[in-house]
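Below is one structure, written out as structure tokens, with a few remarks after it.
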Number of protein chains: 2
Amino acid sequence: MAETTSLPAPERAALAAGVVRRLSHVARAIRHHMDADLAALGLTPAAARALDRLDPDRPLPARDLAEQLNCDRSNVTALVDKLEEAGLVCRRADPADRRLKTLVVTDAGRRAQVRVRRVLGDSRLLDGLGDDELATLGDLVEKISNGGCPEDCGGS
Amino acid sequence: MAETTSLPAPERAALAAGVVRRLSHVARAIRHHMDADLAALGLTPAAARALDRLDPDRPLPARDLAEQLNCDRSNVTALVDKLEEAGLVCRRADPADRRLKTLVVTDAGRRAQVRVRRVLGDSRLLDGLGDDELATLGDLVEKISNGGCPEDCGGS
DNA sequence: TATTGTTATACTCTATAACTATA
DNA sequence: TATAGTTATAGAGTATAACAATA
């Protein structure tokens with residue numbers, strides 16, 4: 001609709017390739033920062049991201065957490081083991097369907113969530129942008145995020 | 001200079017946090033695509049990215065490759081092992097300093113580089129953006145990339 | 001039979017430490 | 001002694017396959 005595609009295809013492709021490369025680079029830097037900060041909280045990156053997905057008010061079956069994390073069920077076991085050892089999460093058998101184990105966030109887990117989410121939303125790397133630039137970037141990234149892969153974006 | 005910082009700090013922080021989260025999400029999707037495509041070339045992601053960094057015209061010491069990949073020397077050994085087994089790279093002792101082993105890209109390696117770089121620059125996820133949006137995104141990401149961490153961005 | 005969570009297993013990526021051969 | 005590459009080892013993330021309990 002509003003796509004003014006005026007660039008010749010080869011130039012467009014070259015430009016896009018450069019943007020993708022720089023995006024990957026920036027994302028790597030962001031992840032590097034975050035992983036270090038999460039480690040400082042005593043959590044591995046994957047465990048921290050799992051905790052981030054849990055809702056204290058609505059215990060989630062492990063199966064659903066796996067889906068949200070885009071990983072196999074079998075991995076969630078070890079992740080939740082870590083969170084449980086740290087006293088941040090409890091497993092509770094679902095009375096309605098005893099096959100399910102729902103993940104309950106403890107009080108300590110709630111406090112940890114606050115810290116984890118502060119890290120996951122840490123925007124040091126965006127400090128160089130003005131407010132308008134930040135807003136523009138947000139719009140563009142959201143547009144990619146929504147329309148980037150219109151078809152089979154369910155699981156992958 | 002051109003930073004019109006008019007947003008109240010809390011709102012700015014909330015906005016930035018959202019942008020960072022969406023950026024991370026998009027980057028994850030990009031990496032997911034790429035890793036699958038690199039696997040289809042018979043290369044692990046790390047090996048492919050190592051090959052990408054090599055220059056057929058200027059053999060690189062393994063030490064320098066490690067620096068470019070931001071990883072330890074010891075990892076490069078296994079990476080180059082894979083590339084050598086695949087016939088894409090050769091190790092050659094540097095005559096001037098026999099401690100060094102420079103990495104020579106073979107003819108097959110050159111052809112593989114073309115394919116790898118096509119994947120690494122694959123911009124399917126940006127197809128939803130118009131040319132002007134793409135250019136804007138490129139500028140913003142470059143600005144982050146350069147000014148994001150002004151101080152200690154050497155190794156980390 | 002089908003599904004959930006678990007276990008066992010394997011592969012990849014990455015880091016540290018110790019070893020070797022050079023310098 | 002210092003550096004380059006290697007090896008050994010370990011931890012983290014993720015995947016597949018098989019298993020027990022439950023539906």
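Per chain, numbering begins at 1; letters A, B, ... match sequence-line order.
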Under 4.0 Å between a side-chain N or O of A/K82 and OP1 or OP2 of D/dG13? yes
What do the steps show when you test A/R49 against A/M34 for side chain to side chain contact (heavy atoms under 4.5 Å, CB included), and what is the final call? CA-CA 11 Å; A/R49 291 185 168 92; A/M34 284 184 181; 4.0 Å; yes
Rounded distance in Å - CZ (B/R92) to C1' (D/dA4): 16 Å
Greater than 12 external heavy atoms within 6.0 Å of A/R110's CZ: yes
Is there a donor-acceptor contact under 3.5 Å from the side chain of A/R63 to the main chain of A/R73? no
Distance, rounded to the nearest Å, where B/R91 contributes CZ and D/dA4 contributes P: 16 Å
Find the distance B/D81:CG to C/dC11:P and express it as a whole number of Å. 16 Å
Reference residue B/L103; test side-chain contact (heavy atoms from CB on, under 4.5 Å); the match among B/L65, B/D55, B/L51: B/L65
Would A/D37 and A/R124 satisfy salt bridge (charged side-chain N to carboxylate O under 4.0 Å, His left out), going step by step from the backbone distance to the final call? CA-CA 12 Å; A/D37 292 345; A/R124 263 175 296 175; 2.7 Å; yes
I'd like to know if the side chain of A/D94 and the backbone of A/L100 have a donor-acceptor N/O pair within less than 3.5 Å. no
If a protein heavy atom is under 4.0 Å from the base, mark B; if only from the sugar-phosphate, S; if neither, -; do that for nucleotides 15-23 of chain C going 5' to 3'. BBB----BS
Please confirm whether the backbone N or O of A/P8 pairs with a side-chain atom of A/E11, one donor and one acceptor, at under 3.5 Å? no
Rounded to the Å, how far apart are A/L60 CG and C/dG5 C1'? 14 Å
Do other residues, nucleotides or ligands put more than 12 heavy atoms under 6.0 Å from B/E67 CD? no
Options C/dT14, D/dG5, C/dT6, nucleotide nearest the side-chain atoms of A/T77: C/dT6
Under 4.0 Å between a side-chain N or O of A/K101 and OP1 or OP2 of D/dA20? no
Rounded to whole Å, the CG-C1' distance (A/D35 to C/dT14) equals 12 Å
Between A/L79 and B/R63, which is nearer to the 5' end of DNA chain D once each is assigned its nearest nucleotide? B/R63
Tell me, which of residues 38-52 of chain A have any heavy atom that sits under 4.0 Å from an atom in DNA chain D? A/T44, A/P45, A/A46
Rounded to whole Å, the CG-C1' distance (B/L100 to D/dA2) equals 13 Å
Heavy-atom distance under 4.5 Å between the side chains of A/V19 and B/L129, does that happen here? no
Once you round it to whole Å, what is the distance between P of D/dA12 and CG of A/L83? 13 Å
Atom CZ of B/R31 and atom P of D/dG13 are separated, to the nearest Å, by 13 Å
